[in-house]
Amino acid sequence: MNNAQIAETFENIAGLLEMKGEKVFTIRAYQRAARTIERLPMELQDMLRDEQDLRTIPGIGKAISEKIAEMVETDSLRYYDNLKTEFPDGILEVMQIPGLGPKTVRRLWQDLGVTDIPGLQATIDDGSLASLPRLGKKTAENIARQIQFQRSQSKRMPIARAQPICDRLIGSLQEQCPSIRRIVPGGSLRRFEETIGDIDLVCTADDPSQVLNALVAMPNVADVIGHGDTKASVYLTDGIQVDLRVVNERHFGALLQYFSGNLQHNILLRDRANALNLSLNEYGITDRETGVIEEFPDEETLYNRLGLQYIPPELRQGVGEVKAALENRIPRLVEVSDIRGDLHDHSDWSDGRDPMEAMVLAVKERGLEYLAMTDHSVGRGIANGLSVERLERHMALVRQLECDIGGIRLLCGTEMDIRADGSLDYDDDVLERLDWVIGSIHSGMGQDVATMTERVIKAMRNPHVDVIGHLSTRLVGERQPVEADYEAIFRAAAETGTALEINASPERLDLRDSHAARARELGVPLAISTDAHTIEALNNTRFGVGVARRAWCEPHHILNTLPFGSFLEYLRLPKSKRTEAFARLARE
DNA sequence: GCCGTTTTCGGCCCGACTGTTTTCAGTCG
């Protein structure tokens, strides 16, 4: 049983326990475990095979680790099977409807016999739902609307889709509301999560009601979920939920912190406040003795008041960052301005849109020192991949442009297919003449774990393959990652001196955060590359940097923060010496 | 159910909004 299935089981257990009226802390423990397991970099079944103690994972103790072991061994869980017999099958779906919580669902089931969504709809239609105590006509209408929405609504969306929607929303609100002082995204968008559940906006304004009214009146608002004095929630016509919170300027720091989350991080922060006999909420910090409220214009002073280092939003995942901040172990994370070169770019020689010269000029304009032109290899027929003969002319043009344009160093590169059997698309005598070779998988993605792992490692053992591009080949929310023994691949990367790419294209974000963190721990050099096929896509570096920051990467973990001279020195070494040399070069 | 520079037992974040009520329970983030 894999991590996703185990996490789902615990999520379902939590749901059923809620309905059963179990203690809220037990429920929270299962939910927390589910969320931790979802984002774990290694498979629990592998950890058990290697006899690792699961209880070292925060939020997993005796009871839950035993349940995991049972699931891995027997592919089922008696505790869960027993629990399920107490409830009808479709009941968890009913609880997914926004506005319907465990208490209400339990009553609907016990009093009206509702066991699934069609049954729920029937009680709305015949008026029996509205006749229950403390429910009424309005509640029935709201639930009916939610059932409709549920059908049309998309689940979490990739950050690539959410970011522009959020940018437009902010622009439009600013235009309409002169009283706005500050308005910024919070929530998962600010934490650079790869998918976004809803868009959270944090705002300060002289006239909060002006801003809230403007939001609910927007033409692309399909439904208003809530509209109070400081906060409003709406669904946009494309199914996205937007939450807007407006407070006075002097509360900005506390509000931004509160609204940036995540949930577990905020709980840990409030734990910390409690330990100091303080109470934290979105308006500030209250001294429990005196009742005096301290306000914070920015987040930094708030964290410091709790005796903590500032924690950047990308690290606020509730997995040890608060402890690290207490011990002064929050590192200086890599920033976009640390990146000195782009190492994966396409031109119209293969499947890029823009001519090579335009790409080079655009990269130079963005202030980078170097650029690798890496058009596709011959096997990518569909992407107009380069034959050896075209590759030679490609290389000549790269050299030519480096002279003609000046002020930027260019590398002759390729993004070369790793074929299904692990062999490569160009021969060694061709590869040896290139400065920078990316090996990527573009086909045969359905291979089994052993075959895929072997395939990638075989490519890494080639002395000319400098880096593996978008290792998992996943597309966020679209295509599943390939199945492979990632731990074995990361170890082989460190051992062979092969770098790994963090592909910054927001559709890919590959390596993902937890994988990048694991590779970093093993000392694998990481390259943040845009994989740009157009000039505009050169701006995507920030998404790759976001992934790296979520993986606790500092500048010295990232290959392309090296100045060009050091990067060349790295490339001139035989691969077997590179991992070690990088650790030295990057700190110079 | 988890966890420990207070604790192996006794804690466990905190407030906004809604609908249905005339004081609050339920839900959400």
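Naming: A, B, ... by sequence-line order, numbering from 1 per chain. What you see is a predicted model; the values in this text were computed from it and never measured.
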Show the distances under 3.5 angstrom between N or O atoms of the protein and N or O atoms of nucleotides 2-6 of chain B.
residue : atom : partner : partner atom : Å
B/dC2   : OP1  : A/Gly61 : N            : 2.6
B/dC2   : OP1  : A/Ile64 : N            : 3.3
B/dC2   : OP2  : A/Ala63 : N            : 3.3
B/dC3   : OP1  : A/Gly59 : N            : 2.7

Checklist entry - Closer than 4.0 Å, any side-chain N/O of A/Ser233 to the OP1 or OP2 of B/dA16? => result no
Next on the checklist: Using a 4.0 Å heavy-atom cut-off to protein, can you give one letter per nucleotide of nucleotides 18-26 of chain B, 5' to 3': B if the base is in contact, S if only the sugar-phosphate is, - if neither?
Outcome noted: SBS---B-S
Item to check | Test salt bridge (Lys or Arg N to Asp or Glu O under 4.0 Å) applied to A/Lys231 and A/Glu282, step by step | outcome: CA-CA 12 Å; A/Lys231 132 180 208 190; A/Glu282 59 261 54; over 6 Å; no
Checklist entry - So what's B/dT8 paired with, Watson-Crick or G-U wobble, going by both distances under 3.5 Å? => result none
Checklist outcome for this item: Atom CE of A/Met95 and atom C1' of B/dC28 are separated, to the nearest Å, by 13 Å
Item to check | Pairwise 5' ranking along DNA chain B for A/Lys231 and A/Asp198, keeping only the more 5' one | outcome: A/Lys231
Show me the protein contacts with nucleotides 9-11 of chain B, counting only N or O atoms at under 3.5 Å.
none

Checklist entry - So does A/Tyr258 reach the base of B/dG29 with its side chain, donor to acceptor, closer than 3.5 Å? => result yes
Next on the checklist: Short of 4.0 Å, heavy atom to strand atom, which residues of residues 279-296 of chain A count as contacting DNA chain B?
Outcome noted: A/Ser279, A/Leu280, A/Asn281, A/Glu282, A/Tyr283, A/Arg288
Checklist entry - Under a 4.0 Å heavy-atom cut-off, which of residues 200-221 of chain A touch DNA chain B? => result none
Checklist entry - Would you find more than 12 non-hydrogen atoms of other residues, nucleotides or ligands less than 6.0 Å from A/Gln110 atom CD? => result yes
Next on the checklist: Rounding to an integer number of Å, can you tell me how far A/Phe25 CZ sits from B/dC12 P?
Outcome noted: 7 Å
Checklist entry - Quick one: ring-ring contact (aromatic ring centres under 6.0 Å, His included) partners of A/His515, sequence neighbours excluded? => result A/Tyr486, A/Phe490
Checklist entry - Got a sec: does the CG of A/Asp89 have more than 12 other heavy atoms crowding it under 6.0 Å? => result no
Next on the checklist: Please classify the nucleic acid contact of A/Leu100 as base, sugar-phosphate, or nothing, using heavy-atom distances under 4.0 Å.
Outcome noted: sugar-phosphate
Checklist entry - Whole Å only: how far is the CZ atom of A/Arg245 from the P atom of B/dG29? => result 13 Å
Checklist entry - In whole angstrom, what separates A/Glu193's CD from B/dG29's C1'? => result 14 Å
